[in-house]
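One structure is given here, and the rest of the page talks about it.
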Protein chains: 4
Amino acid sequence: MTIQGTGTARPAGRPRSEKAERAIIEATLDLIAEGMGVSELSIEAIASRAGVGKTTIYRRWSNKEDLVVDALATLKAPLPPLAGVSVREDLITLLDAMRADSGNRRGRCVMNIAMSEADRHPRLTERFVERAVEPRRRALREVLERGVATGELRPDLDVTLAMAILSGTMMWQSKWGPGDLPEDLAERVVDMVLAGMAPPAA
Amino acid sequence: MTIQGTGTARPAGRPRSEKAERAIIEATLDLIAEGMGVSELSIEAIASRAGVGKTTIYRRWSNKEDLVVDALATLKAPLPPLAGVSVREDLITLLDAMRADSGNRRGRCVMNIAMSEADRHPRLTERFVERAVEPRRRALREVLERGVATGELRPDLDVTLAMAILSGTMMWQSKWGPGDLPEDLAERVVDMVLAGMAPPAA
Amino acid sequence: MTIQGTGTARPAGRPRSEKAERAIIEATLDLIAEGMGVSELSIEAIASRAGVGKTTIYRRWSNKEDLVVDALATLKAPLPPLAGVSVREDLITLLDAMRADSGNRRGRCVMNIAMSEADRHPRLTERFVERAVEPRRRALREVLERGVATGELRPDLDVTLAMAILSGTMMWQSKWGPGDLPEDLAERVVDMVLAGMAPPAA
Amino acid sequence: MTIQGTGTARPAGRPRSEKAERAIIEATLDLIAEGMGVSELSIEAIASRAGVGKTTIYRRWSNKEDLVVDALATLKAPLPPLAGVSVREDLITLLDAMRADSGNRRGRCVMNIAMSEADRHPRLTERFVERAVEPRRRALREVLERGVATGELRPDLDVTLAMAILSGTMMWQSKWGPGDLPEDLAERVVDMVLAGMAPPAA
DNA sequence: TGCTAAGCGAGACGGTACGTCGAGTCTTGTC
DNA sequence: GACAAGACTCGACGTACCGTCTCGCTTAGCA
């Protein structure tokens, strides 16, 4: 009505409280980390733990999924910087980051949510893949393709399949493996798998 | 007094209906296959779809977890018979069974449930692992150890790690790979991975 | 089929157990006396307290009402014998029987049931009135009419109204009056009411 | 902090809806009038008929009794004004109000409930007596005592007993008498009973 | 003495209502 | 106009009985 629009129009009235927003996200992650799935998670519990009214949540996110996606997104560690020297080292760096991500309670829950709610909440999965999975996938692909180019890996390598092997192994380990993954896990995986990816004679 | 006890004494009263039991399991699996997680799943819906009173469900299973475990357990395909000739062939057979298991809607849901509810419902996971995961793990281990013994695989092979690579790759593919997994997937995985497991010189 | 009907045909098979029947009635009355209404009363509770299967109850009574009617019917004290000398004495006798009937836990409950379930369970009421109320009403009417005939009561007495006054007063007392009705209550009521029923001059 | 407290501080949050409250009471009375006792009465039915969630009922009344008491309390007609001229006229006025109260479906049900649930739901009875019975009892007592004072009634009258006679007669009639009580019933009762209460000689 | 038919206790069956909890929405007064 | 508080309708929870239905066993008279 009286928005004169000097650039980004500041809406009338009291601005939204960033403190509330942070409290909501934190409460959500806490509850997820305490073992709740998207469905066990109760908006009422989040509101209560965050010291916030339910309205304040629904004003920002129209449903649980959206809130969960945003909460999980704040959690993923940034991609580690790659040395770019050898393929082996870069792979170990990447896989080790995955191991670390799954090493703590929260990270493990992120994976659970991501993997389990796939069929149930397609939009959640879609957004999660876009934000968290794709960047890692892209980095992995780049390293492998570089390896093929530099001759560190065999020229006929099925890069997609190789990605599946590397990622899948790490995920499987963090899911079904021993509670605390050994520190040199990434190294050992890369070494074993690389053997099948190395050029025939070398 | 007049219990003659020919082995297991039949308890007094009307015996439980096997038909009802089957209907409940079927309804549960149907609903899971339609995309419901353990939490979205409503006992009321199961009862209604099975044409059964809620009491009849609660009489047998005291909570949702127990029911879901029993339902999932009826679902897993039996282990495929192994030819036992070459390690490569047996591995392909095993991995292909995993691919098939995950190829249909129900199988995929089984995995989702199993993987997602792990932290949330520890008893569910425990029982599921015991019934479904362990037998497959054991078979895989046997094949690999046989390969080491016969010299088809390198003598210093880390069998546990190899198992993780094989299983993880298949799981990852069925989770994040294309909708319909290619028929020769198992073969390609085995071939690539075997390269790193074969004896050094041969 | 082979009933030859020598008088009352004994049906084939095991005869019904009188012990069970008595136990059921007793259990029913116990539970009513413990403050349950026709609706709070649960067949399951009756069966359990009587040490009897539910079938055994339903075989005899097709619904709760019928059972309750039969149970209550066993409870009413028989009408007291009337001296037949003076109207005043006979009235006191009758009213005192009503007082005694309502003086104990069970009797009071009978009245509660009878009065409360009237609109709800018309058939119950109907049968209860027929068995328990009518005989008393008839006795009262006879005494009053005899009084009119003998001149002990005024000739233009509205007998029906007089009955209502006498009965109603007793019922009201047993319902809203003090817990233990005074022993001479009937006498005092009759005396006060008779004053209005006596012949004008006398 | 900022509660200025102009008398009774309004509690935080959305205030309770009076409309819902009225709808619940109305639905309750409707169902009672349709012949349901306290026990047949289902909260679910009340909620559904009132177009209200069950929670909204349980938020206000913690059990059926409390709801029923409140519902019945809204029903009782206010005490009729008394002319205060003659005892006879005032008694007729009071008794006629009782007759009218019991003349309609709802009123009759009120009495049924009140009388039947006495032993079963002591708190219900207690509160009902306090709200509905006591005021009438008090009015009746005052008229009778005035009559004794003015000499319209005999000086040695047992007022309590007289009250029982008058009230009991009316209740008995409305319970066991003909469906539609005659219009002059109160008059006739008072006249007959007064005869026994009038001063000896006059 | 053994057969047949009904009664018996136990208890499972498909249902209905209970009283509780949380979802997502709406409605207050305050900031 | 955002905020906390909390009432709103709705629907699932797990429990208790309903009245019906098997079960295997008992109890009688008739053969």
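Here is the naming used below: chain letters follow the sequence lines, and residue numbers restart at 1 for every chain. No experiment lies behind these values; they were computed from the predicted model shown.
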- Task: Find the distance between OG (S48(B)) and NZ (K54(B)) and round it off to the nearest 0.5 Å.
- Result: 11.5 Å

- Task: Using atom CD of E44(B) as one end and atom C1' of dC18(E) as the other, report the distance to the nearest whole Å.
- Result: 12 Å

- Item | Any T55(A) side-chain N or O less than 4.0 Å from OP1/OP2 of dA5(F) | no

- Query: Which comes earlier along DNA chain E counting from the 5' end, the contact point of E21(B) or that of K54(D), where each point is its nearest nucleotide?
  - Reply: E21(B)

- Task: Check whether any side-chain heavy atom of N63(B) sits under 4.5 Å from a side-chain heavy atom of Y58(B), and report yes or no.
- Result: no

- Query: Taking atom C1' of dA7(F) as reference, at what distance in whole Å does atom CH2 of W61(D) sit?
  - Reply: 14 Å

- Query: Under 4.0 Å between a side-chain N or O of R16(A) and OP1 or OP2 of dG1(F)?
  - Reply: no

- Note on the structure: Separation between CD1 (I24(A)) and OG1 (T56(A)), nearest 0.5 Å, reads 6.0 Å

- Given dA12(E), is OP1 or OP2 found less than 4.0 Å from the side-chain N or O atoms of R59(B)? yes

- Query: Between A12(B) and L41(C), which is nearer to the 5' end of DNA chain F once each is assigned its nearest nucleotide?
  - Reply: L41(C)

- Item | Whole-Å gap separating C1' (dG1(F)) and CZ (R14(A)) | 9 Å

- Taking all non-hydrogen atoms of both residues into account, name the closest pair between A71(B) and L29(B) and its distance. O-CD2, 3.6 Å

- Message: I'd like to know whether E21(A) forms a salt bridge (charged side-chain N to carboxylate O under 4.0 Å, His left out) with R16(A), so could you lay out the CA-CA distance, the side-chain angles of the two residues, the decisive distance to 0.1 Å, and finally the verdict.
- Response: CA-CA 8 Å; E21(A) 193 136 348; R16(A) 296 192 177 169; over 6 Å; no

- Message: Please report the distance, rounded to the nearest Å, between CD in E65(C) and P in dG19(F).
- Response: 10 Å

- Query: Taking only N and O in the side chain of S42(D), is any of them less than 4.0 Å away from OP1 or OP2 of dC18(E)?
  - Reply: yes

- Query: What integer distance in Å separates E18(D):CD from dT27(E):P?
  - Reply: 15 Å

- Atom CG of N63(B) and atom P of dA12(F) are separated, to the nearest Å, by 19 Å

- Message: Please report the distance, rounded to the nearest Å, between NZ in K19(C) and P in dG7(E).
- Response: 18 Å

- 5'-most contact on DNA chain E: S62(D) or R60(C), nearest heavy atom basis? R60(C)

- Atom CD1 of I43(C) and atom P of dT20(F) are separated, to the nearest Å, by 10 Å

- Map Y58(B) and A45(C) onto DNA chain F by nearest heavy atom, then report which one ends up closer to the 5' terminus. Y58(B)

- Message: Just N and O in the side chain of T56(B): are any of them under 4.0 Å from OP1 or OP2 of dA12(E)?
- Response: no

